[in-house]
Amino acid sequence: MSAGMALAVHRDREWIIRNAKGRKFVYESEQEAFEELHEYGEGAGVWTREVYRGMFRTKPVTDWQQVHPPTPEPASDSATEQE
């Protein structure tokens, strides 16, 4: 085996929406999950966990943890300050 055949393993995050019945739906990013959350009704939430990804296996590093929606930042008043 040559030295160039090393297996690449990297840390990543998995994102899901878990509905009120416990069914899970996988998403690629936090943003995508929160954009779709309203479609799953009351009691649904966004969950994430950290994983290691290899060529043929994904191994969880942490348990699933619920993530709350990001709070919107207040709009800046820079336009009104310039007048």
### Task
Count the heavy atoms of every other residue, nucleotide or ligand shown that sit under 6.0 Å from CD of Gln66, and state whether that count exceeds 12.
yes

### Task
Answer yes or no: are there more than 12 heavy-atom neighbours, outside Glu32 itself, under 6.0 Å from its atom CD?
yes

### Query
Which atom pair, heavy atoms only, marks the closest approach of Glu14 to Thr48?
O-OG1, 2.9 Å

### Query
Between Arg13 and Glu50, what is the shortest heavy-atom contact and its length?
NH1-N, 3.6 Å

### Query
Between atom NZ of Lys24 and atom CD1 of Ile16, what is the distance when rounded to the nearest 0.5 Å?
5.0 Å

### Query
To the nearest 0.5 Å, how far apart are CD in Glu35 and CD in Glu30?
11.0 Å

### Query
Given a cutoff of under 4.5 Å between side-chain heavy atoms of I, L, V, M, F, W and Y, with clusters grown through shared members, what are the other residues clustered with Tyr40?
Trp15, Ile17, Phe25, Tyr27, Phe34, Leu37, Val46, Val67

### Query
Under 4.5 Å between any side-chain heavy atoms of His10 and Tyr52, yes or no?
no

### No-hydrogen, no-angle side-chain donor-acceptor test under 3.5 Å, Arg49 and Thr62
no

